[in-house]
Amino acid sequence: MKFEHFGTGIIKGLAVTLRHLFRKPITTQYPEQKLTTSRRARGNELVWDITKCTACGTCAKACPQGVIRIVTSAKPVENRYVVEKFEVDTGYCIFCGLCVEACPFQSLLMGYSYERAKYRRHEVVHTNEMLLPSAKRPASGYMYPKLAKALPPQTLLIERDEVKG
Amino acid sequence: MALKTESFALNIGPLHPSTHGVFRMRAVLDGEVIANMEPVFGYLHRGIEKLAEERTYTGVIPLTDRLDYLASMSNNLAYVLAVEKLAEISAPERATYLRVILAELQRIASHLIAVGAFVNDCGAFFTPFLYMFREREKILDLFEMLSGQRLLYNYMRIGGFNQDIPDEFLPALQKFVSQMPGFIDEYDRLLAENEILLARTKGVGILPQDLAVNISASGPVLRASGVKWDIRKADPYCGYDRFEFDIPTGTAGDCYDRYRVRIEEMRQSLRIIEQAMKQLPSGAVKSTVPYLVRPPAGEAYAHIEAPKGELGFYLVSDNSIAPYRCHIRAPSLINLTALRDMTVGWKVADLIVIFGSIDITMGEVDR
Amino acid sequence: MTLALSGDEIAATLGGHFPGSVIEASKSHLLVKSESLFDIASYLKTAPGLDFDFLCNITAVDCFDYFEIVYQFTSLKHNHGLVVKARCHDRSNPVLPSLVSLWRGADLQEREIYDLMGITFQGHPNLKRIFLWEDFDGHPLRKDYL
Amino acid sequence: MVLNPGLGMEYHWQALPPDWPGNFWWHWLAFSVIILAFVLGLVMGFIWLERRGIGRFQIRLGPNRTGPFGLLQPIADAVKVLLKENIVPAAADKIVHWLAPLVAFVPTLMIFAVVPFQDGALLADLNVGVLYIVAISSISTVGIFMAGWSSSNKYSLLAAMRDVATVVSYEIPVVLSLAGVVLLAGSLSLNQIVMAQDIPFILLQPLAFLLFFIAASAEINRTPFDLLEADSELVAGFHIEYSGMKFALFYLTEYAEALAVSAIIATLFLGGWRGPVLPPWLWFVGKVVAVFSVMFWIRSTLPRVRIDQLMALAWKFLLPLALINLVVTAVQVLAWPEASLWAMVPVNVAIMAALVVTWSRLLKLGGGRVEV
């Protein structure tokens with residue numbers, strides 16, 4: 001190994017940093033400039049499709065944190081169960097997506113949106129209507145490739161940072 | 001005239017910028033020189049081994065993400081390998097190749113942080129750190145594309161993956177692999193010959209070869225001490241024997257060697273990724289596995305070469321849906337065994353450098 | 001590939017040196033008496049042809065009736081491994097010999113087991129709780145800990 | 001010998017530009033205000049410049065939210081820091097803790113008394129200007145040591161000890177490298193030194209410049225010699241227990257010192273206010289900013305040295321080279337023909353290169369385990 005102990009390494013390092021001075025910054029200015037998240041983003045809230053749900057409770061069983069609570073009642077006339085209460089305590093949710101994987105009827109999806117900070121502790125508990133899909137709460141393509149195809153492509157740093165070292 | 005001197009105890013951590021989390025070192029200082037040092041663990045103990053006993057085999061995977069949170073993919077891999085060994089499930093060919101790609105990407109990402117944080121500990125003002133974060137960011141982008149999250153991937157499943165890679169993944173990966181060597185060269189220009197870094201790290205914190213083996217050190221720490229031991233070669237899993245790569249080793253076992261080994265390992269990882277991308281077969285990414293895995297009663301130990309060292313999962317099954325016992329052989333914890341030997345006699349500044357060169361993650365040390 | 005040595009064969013060689021110390025030997029592991037664990041371990045470390053210089057992993061399993069301590073030895077020289085087990089039947093005061101004097105890698109791992117499983121390792125230089133605080137009550141990884 | 005107290009003042013009075021309005025006290029007042037404004041304004045500018053500059057070196061943007069280009073960031077910082085609660089540790093030595101920021105800040109401010117902003121435009125054209133700077137600049141250390149000691153924090157104490165050790169060692173190469181400049185200029189007055197620089201002394205005295213730059217950066221604790229802040233080791237060093245206004249003073253001191261060193265380098269080596277076309281004071285400020293830019297460029301690149309390496313660098317590298325430089329300069333001043341001053345430039349550059357390369361081979365900074 002050859003080391004020239006008279007500052008050549010330091011000068012080389014200074015040259016590297018100086019070259020970086022003329023590169024474009026890679027950071028984004030967050031609230032104004034937003035990157036598109038992954039098409040499979042496991043965003044903040046679950047999106048629940050009430051029409052497909054059969055109240056089987058598989059999601060609740062699959063949840064490692066036990067944050068999903070389902071109250072069902074039987075409807076003997078229609079010969080099926082209906083959900084009375086579907087409650088997700090997102091305060092304890094770790095967004096692992098296992099419930100979405102477990103759902104056999106494609107009625108539970110991960111949310112695509114983020115920025116869901118709340119001011120009150122009770123607001124993180126989501127029940128029935130709050131979980132339904134809406135324009136503000138789109139579903140992500142996690143586990144659903146067809147949905148993913150419809151979402152905009154993810155912004156990648158590698159596409160923005162073209163400079164070769 | 002003899003001065004009356006007195007040594008004093010200095011608490012470094014648990015809240016200290018260079019303890020990589022909440023680690024505490026109770027150092028007894030004689031002036032600037034460390035006369036004695038005792039590591040104190042446990043500030044991030046979450047009882048993951050106990051929690052794992054109450055979850056289904058699949059439900060443990062999100063927990064493993066939270067062990068070494070800078071290398072979640074490797075943790076997932078080690079765990080699913082252990083379960084697959086226990087339940088005698090084999091992943092499809094495409095999944096094994098993908099696992100290799102992801103594990104190696106994760107190794108690069110983890111080593112980037114290790115080196116960046118190490119140079120930061122040497123006192124560089126975040127510049128190398130941020131350059132390395134930039135490349136890590138690209139890897140995280142790729143992981144986000146696959147799994148939907150940037151840090152806690154929860155992507156691997158028992159018997160493969162939960163979903164196949166999207167179409168745009170391989171082109172992006174190809175672009176990354178072709179760019180990355182240039183960036184590694186740039187890091188070398190920035191750091192490798194820097195006289196101050198050499199002065200701070202060469203010959204500092206030497207871990208002799210016999211001691212490194214004796215304390216069960218693993219990963220770059222062991223290899224920097226000159227032991228050519230890599231589980232990818234010694235006990236190949238996921239078909240690592242199909243790839244051509246070298247095991248970089250150090251000679252002196254000092255901080256500089258540990259840093260060099262990590263840089264070289266990144267290059268080797270890129271080699272592996274390139275080969276794996278070429279050989280990547282098509283097909284399913286998950287074999288048919290029951291929803292609730294019920295492995296037969298027994299035990300299995302699977303280990304992988306995680307970025308920090310040998311990460312092993314020892315699982316005991318009692319034929320139920322939850323592990324009876326899940327022990328994690330955490331490389332970060334065991335590599336710290338010789339911390340006292342490496343630091344006593346050095347200065348406070350060296351303590352930080354030596355500690356940084358071991359590269360630990362507190363999530364894995366305390367579990 | 002790290003060759004997993006068969007417990008049977010090792011038991012045969014051990015039988016000559018330490019008669020009666022091997023309780024059970026199977027293809028996957030070797031179950032030894034806890035009293036002779038230290039002697040067997042020191043033999044395994046230095047015996048030519050075995051050279052288990054690397055103590056890969058120590059863990060303890062609570063099996064209700066007894067605690068089972070599992071040692072994974074590896075030889076970096078010959079690239080082979082062996083699983084050695086020992087049992088502690090006394091639940092109120094489980095005691096095992098410490099292997100720190102042979103492999104210092106056992107240091108933190110034995111402390112961890114002491115902390116979480118409550119097994120005392122005799123001869124350990126610094127046996128105190130590692131993750132939990134000093135006056136913590138109980139040992140969380142035991143199955144009866146609630 | 002009887003000191004003549006009137007001499008310095010008279011001399012200074014006469015050195016004023018003839019068209020300067022008012023009398024001595026007006027001059028004193030005006031320049032006090034100018035220096036305060038200069039220091040505060042440029043320190044804020046430096047803070048902004050350094051944060052933005054390091055941001056760009058690190059391929060990010062730096063503060064850009066307050067005002068155009070984040071220009072108001074230092075003001076926002078100042079307001080924030082000034083409004084913070086003043087916390088004094090219970091175990092602190094209260095009076096010393098209170099005094100320390102002042103003791104650290106005031107000498108730094110006093111340095112600017114002798115720095116010429118343009119020809120003759122300075123508070124006091126002392127005929128011992130360089131000596132005055134050297135003497136006054138080391139007083140800040142007392143303040144820093146007071147801070148470290150009185151905080152009764154082990155980290156601060158370590159930092160304080162490091163600082164004292166640094167300053168004691170680095171004062172010598174600083175003085176010796178300045179001596180070369182003084183020999184060439186034939187005066188200790190900064191204004192006279194600027195006047196003497198028909199060729200900037202960085203060209204005539206490259207080695208002295210290098211040594212002074214290194215030694216001065218060490219003395220004011222800029223990276224790579226920022227051992228007494230050492231955020232990765234000592235958290236924040238001597239000001240770890242300071243908050244509010246007192247912390248702001250330390251912060252100000254740090255940058256005022258950097259400003260002082262930049263100003264001294266600009267004056268002694270870069271020709272001070274001399275330059276074509278632009279007004280002299282602008283040349284001066286421009287040179288100061290340029291020197292400071294190099295400082296934060298270095299800060300953004302290099303890791304920190306260790307305390308024993310810092311000492312070794314001072315005693316084994318800087319001191320002998322400074323001595324050699326002094327001897328060489330003395331010989332040159334005596335023997336060099338006046339007319340061919342430009343020919344001295346390549347000779348001295350060659351001498352510097354040879355000396356640095358050969359001496360670096362002798363110097364080993366690494367290793368060196370200390371036995372307990």
F69(D), CZ: over 12 other non-hydrogen atoms inside 6.0 angstrom: no
Enclosure of K75(A) NZ (heavy-atom neighbours >12, cutoff 6.0 Å): no
Qualifying residue for side chain to side chain contact (heavy atoms under 4.5 Å, CB included) with I59(D), from T27(A), L21(A), I26(A): I26(A)
Working for side-chain contact (heavy atoms from CB on, under 4.5 Å), residues L61(D) and Q29(A): CA-CA 9 Å; L61(D) 281 168; Q29(A) 298 297 297; 2.9 Å; yes
Residue pairs involving residues 33-65 of chain A (criterion ring-ring contact (aromatic ring centres under 6.0 Å, His included); sequence neighbours excluded): W48(A)-F86(A)
Nearest-0.5 Å distance, OG1 of residue T301(D) to NE2 of residue H20(A): 10.5 Å
Within 6.0 angstrom of Y81(A) OH, more than 12 heavy atoms from elsewhere: no
Residues 292-300 of chain D: residues contacting chain A (heavy atom under 4.5 Å, by number): W297(D), I298(D), S300(D)
L302(D), part contacting chain A, at a heavy-atom distance under 4.5 Å: side chain
Min side-chain heavy-atom separation R23(A)-R56(D) under 4.5 Å: no
